Amino acid sequence: MAGIRKLGLAEALALGPGWRHACHALLYAPDPGMLFGRIPLRYAVLMQMRFDGRLGFPGGFVDSQDSTLEDGLNRELREELGEAVSAFSVGRTDYRSSHAGARPRVVTHFYAKRLTLEQLQAVEAGAPRAKDHGLEVLGMVRVPLYTLRDGVGGLPAFLENSFIGAAREQLLEALQDLGLLEPASVPGLQTRVHR
C-alpha cells in the first residue's frame, strides 16, 4: 500500500475542507452452499469490477448534498447496485477503517455490512439494472473464500488480481476481523495481510 496511510475516523474527519471523502462497503452474507458438494462456501462476499479494470468495493465520493458519510455511501450504493440496496442501510456501526490515499487530498472510508443471503442475492440480481452498471461498474463478483487442493485456486488466485487503492488489504483485514475466513484454509494468509 505504498503512499496510503491508515487513519482513525476522527483524524480523517479532521483533515479539513480541502480533502474529499469517498466511502466503500464490503457486503456479505452467510452462505450454506457447497462448491462441488464438498467445499463449504461459508459466506458470500461481494466486490465489483470497476471501469478501470480493477477490483474494488461499491461506493464512491461523498457529495456536498450528502449530510453524512453514510448518506453519501448509501446514495452511491443505490447508483451502483440498484434499488435492492433500499432494503438495508449502511450506518456508522458498519464502519471499519479510513485511509489517506496516494491520490492527493482524498481519504477513503471502509464499511462492512452483513446482509441476509436473500438480500445479497437481490443486490446481485438487480445490479445490472443500476444507473452506473456498464459505466462505472462493469459487474459484480463473489470472492472465493476457500483454497482448492492445488493450493492456488480460490482465494490465493483471486488475490493475484489488480485491486484499486487499499481494497486488497481492506478485504483481507475484514475477512479476518469479521471471522469470515478460517486462516488455516488459506496457506500464508498471515503473511498476506499487512497492518
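Here the structure is a predicted model, which means the values were calculated and not measured.
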Answer yes if [X] and [Y] sit in the same cluster of Ile, Leu, Val, Met, Phe, Trp and Tyr residues linked by side chain heavy atoms under 4.5 Å apart, and no otherwise.
X    : Y    : value
L172 : V141 : yes
V62  : L9   : yes
V137 : V143 : no
Y28  : M49  : yes
L13  : V107 : no

* To do: Test salt bridge (Lys or Arg N to Asp or Glu O under 4.0 Å) on R96 and E173 and set out the steps.
  => CA-CA 9 Å; R96 310 277 315 147; E173 286 181 13; over 6 Å; no
Determine whether [X] and [Y] make a side-chain contact, defined as any pair of heavy atoms from C-beta on separated by less than 4.5 Å.
X    : Y    : result
Y146 : L35  : yes
L120 : V123 : no
T93  : Y111 : no
I164 : R50  : yes
L175 : L155 : yes
L171 : F57  : yes
F61  : V106 : yes
M47  : F163 : yes

With rounding to the nearest 0.5 Å, note down the distance linking [atom1] in [X] to [atom2] in [Y].
X    : Y   : atom1 : atom2 : value
L27  : L46 : CG    : CG    : 6.0 Å
L180 : Y43 : CG    : OH    : 5.5 Å
L115 : F88 : CG    : CZ    : 4.5 Å
R20  : L15 : CZ    : CG    : 14.5 Å
T108 : K6  : OG1   : NZ    : 11.0 Å
E70  : D94 : CD    : CG    : 8.5 Å

Nearest heavy-atom neighbours spanning [X] and [Y]:
X    : Y    : answer
A174 : F110 : CB-CE2, 4.1 Å
A127 : M140 : CB-CG, 3.8 Å
P40  : R38  : CD-O, 3.4 Å
R114 : P30  : NH2-CG, 2.9 Å

* Chi angles and distances behind the side chain to side chain contact (heavy atoms under 4.5 Å, CB included) call for K113, L26 -> CA-CA 6 Å; K113 179 71 175 178; L26 177 150; over 6 Å; no
* **Stepwise side chain to side chain contact (heavy atoms under 4.5 Å, CB included) test for T147 and V152** => CA-CA 7 Å; T147 300; V152 177; over 6 Å; no
Enumerate donor-acceptor pairs with a distance under 3.5 Å from any side-chain N or O in residues 77-85 to protein atoms, sequence neighbours excluded.
from, atom 1, to, atom 2, distance (Å)
R78, NH1, N74, O, 3.3
E79, OE2, R75, NH1, 3.2
E80, OE1, Q48, NE2, 3.1
E80, OE1, G59, N, 3.0
E83, OE1, S86, OG, 3.1

* To do: Mind running side chain to side chain contact (heavy atoms under 4.5 Å, CB included) on F158 and L55 for me, showing each step along the way?
  => CA-CA 10 Å; F158 184 84; L55 291 170; 3.6 Å; yes
* Any donor and acceptor pair, going by atom type alone, linking the side chain of D132 with main-chain N or O of L135 inside 3.5 Å? ->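 No.
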* Under 3.5 Å, is there a donor-acceptor pair between the side chain of D52 and the main chain of R54? ->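 Side chain of D52 to backbone of R54: a pair is present.
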* Stepwise, does the salt bridge (Lys or Arg N to Asp or Glu O under 4.0 Å) test hold for E76 with K131? -> CA-CA 10 Å; E76 281 286 341; K131 174 185 163 211; over 6 Å; no
* Asked: When you look at E160 and R168, which way does the salt bridge (Lys or Arg N to Asp or Glu O under 4.0 Å) test go after all the steps?
  -> CA-CA 10 Å; E160 296 301 317; R168 183 181 184 279; 5.3 Å; no
* H109/H21 aromatic ring centres below 6.0 Å ->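 Ring centroids of H109 and H21 are less than 6.0 Å from each other.
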